[in-house]
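The structure under discussion appears below in the form of structure tokens.
Index from 1, following the sequence.
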Amino acid sequence: MTERSPVEILVLYSTGRGSTAGVAARIAARLRSKGVIVAVHTATELETVRDGVVDRCSALVVGSAIHGGQWLPDMEDALLELVPRLHDGTQVWTFSVSSIGASSTVLSNRLAAVIRPRNPDPRAVHDLRGSVDVRDHRWFAGKVSPGDWAGIGRVVFRLMGGRYGDARDWSDIDSWADRIAAAFTADKSVR
């Protein structure tokens with residue numbers, strides 16, 4: 001039997017066009033820079049659940065792109081397998097990547113200011129809160145390319161003040177990852 005490497009935090013994500021993959025990679029890199037042992041997997045890599053990574057982690061950072069106001073179906077499916085495997089006390093942090101983040105947006109700033117306070121958590125995050133210790137949920141804006149919105153969607157996007165490009169706020173992502181590392185380290189020292 002081969003020895004498995006330790007994992008302190010598992011970063012699990014689902015991406016549509018790559019924005020969420022970039023956010024997950026940045027979070028993992030930032031956590032590593034703080035001395036945390038991190039594993040990063042996509043939601044479709046369900047062997048992550050089966051090969052014991054979940055059994056070896058003390059915290060989970062899970063996020064998804066938002067399509068139609070909800071997390072992607074592959075993340076919702078992965079959570080059905082993942083949540084029952086979490087041990088008591090596992091810290092869970094969640095994030096969503098959409099047009100409007102907590103600190104940036106691909107839409108007009110005026111529209112974002114109206115939508116932000118009314119933006120409900122995705123159903124998957126709401127369900128997670130009912131079964132595990134979700135410490136925080138953070139919204140990040142993604143990136144949008146001209147081909148991402150088809151037909152009438154492109155017109156609506158432009159009418160909402162949409163701007164093509166990368167709206168990910170890396171300093172906000174780093175700051176959120178730093179808070180995760182601090183909380184994880186504080187909890188780890190108590191154990």
Side-chain angles (χ1 to χ4, degrees), residues 1-32 34-99 101-102 119-142 168 173 176-177 179-188 190-191:
M1 183 171 165
T2 62
E3 183 158 330
R4 297 178 181 191
S5 61
V7 174
E8 293 179 317
I9 296 181
L10 169 62
V11 177
L12 187 71
Y13 70 93
S14 179
T15 191
R17 294 184 181 93
S19 288
T20 309
V23 171
R26 182 68 170 239
I27 290 168
R30 191 68 176 203
L31 292 171
R32 286 184 186 116
K34 302 295 182 186
V36 179
I37 302 168
V38 181
V40 183
H41 294 280
T42 66
T44 56
E45 296 173 326
L46 289 180
E47 68 270 10
T48 303
V49 176
R50 296 184 193 108
D51 78 359
V53 170
V54 173
D55 300 327
R56 299 187 328 264
C57 74
S58 300
L60 176 69
V61 176
V62 59
S64 177
I66 296 289
H67 288 187
Q70 300 302 324
W71 277 7
L72 298 178
D74 61 339
M75 179 55 80
E76 291 183 348
D77 292 345
L79 289 174
L80 291 175
E81 284 195 48
L82 181 82
V83 170
R85 306 262 331 230
L86 297 177
H87 54 81
D88 288 340
T90 301
Q91 296 178 33
V92 179
W93 304 76
T94 62
F95 67 94
S96 297
V97 178
S98 69
S99 300
N119 206 7
D121 286 345
R123 178 182 53 250
V125 173
H126 177 75
D127 292 347
L128 271 174
R129 288 186 192 280
S131 31
V132 297
D133 179 17
V134 176
R135 299 290 179 96
D136 189 25
H137 177 251
R138 187 75 173 169
W139 288 89
F140 299 114
R168 292 175 290 186
I173 294 165
W176 191 68
R179 289 194 304 272
I180 293 170
F184 176 77
T185 303
D187 277 7
K188 191 168 103 172
V190 172
R191 285 184 225 144

How long is the gap from CZ on Arg138 to CD1 on Ile27, to the nearest 0.5 Å?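 Result: 10.5 Å between the selected atoms.
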
Output the distance between atom OG (Ser98) and atom CG (Asn119), rounded to the nearest 0.5 Å. 6.0 Å

Looking only at atom types and distance, does a side-chain atom of [X] sit under 3.5 Å from a main-chain N or O of [Y], one as donor and one as acceptor?
{"X": "Arg32", "Y": "Val38", "answer": "yes"}
{"X": "Glu8", "Y": "Ile37", "answer": "yes"}
{"X": "Gln70", "Y": "Arg123", "answer": "yes"}
{"X": "Thr20", "Y": "Gly16", "answer": "no"}

Do [X] and [Y] have side chains that approach each other closer than 4.5 Å (heavy atoms only, starting at C-beta)?
{"X": "Thr42", "Y": "Thr15", "result": "no"}
{"X": "Asp77", "Y": "Glu81", "result": "no"}
{"X": "Ile180", "Y": "Phe95", "result": "no"}
{"X": "Tyr13", "Y": "Val97", "result": "no"}
{"X": "Trp71", "Y": "Thr94", "result": "yes"}
{"X": "His41", "Y": "Leu10", "result": "yes"}

Considering all heavy atoms of both residues, which atom of [X] and which atom of [Y] are nearest to each other, and what is their separation?
{"X": "Val40", "Y": "Glu45", "value": "O-OE1, 4.5 Å"}
{"X": "Leu72", "Y": "Ser64", "value": "N-OG, 3.0 Å"}
{"X": "Ser96", "Y": "Pro122", "value": "OG-CG, 3.5 Å"}

Assess whether atom NE2 of His126 is packed by more than 12 heavy atoms of other residues, nucleotides or ligands within 6.0 Å. no

Walk me through whether Val92 and Val134 qualify under side chain to side chain contact (heavy atoms under 4.5 Å, CB included). CA-CA 5 Å; Val92 179; Val134 176; 4.3 Å; yes

Which residues share a side-chain hydrogen bond (donor to acceptor under 3.5 Å, both in side chains) with Asp121, sequence neighbours left out: Arg129, His137

Please find out if less than 6.0 Å separates the ring center of Trp93 from that of Phe184. no

With Leu60 as partner, the option from Val83, Val11, Leu82, Leu128 fulfilling side-chain contact (heavy atoms from CB on, under 4.5 Å) is Leu82

With sequence neighbours left out, what residues match Arg168 under salt bridge (Lys or Arg N to Asp or Glu O under 4.0 Å)? Asp166

What verdict does the side chain to side chain contact (heavy atoms under 4.5 Å, CB included) test give for Trp176 and Val23, after you've listed the backbone C-alpha separation in whole Å, the side-chain angles of each residue and the deciding distance to 0.1 Å? CA-CA 11 Å; Trp176 191 68; Val23 171; over 6 Å; no

If only side-chain N and O atoms count, and only distance matters, is there a donor-acceptor pair under 3.5 Å linking Asp74 with Ser14?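 Distance-only check passes for Ser14 and Asp74.
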
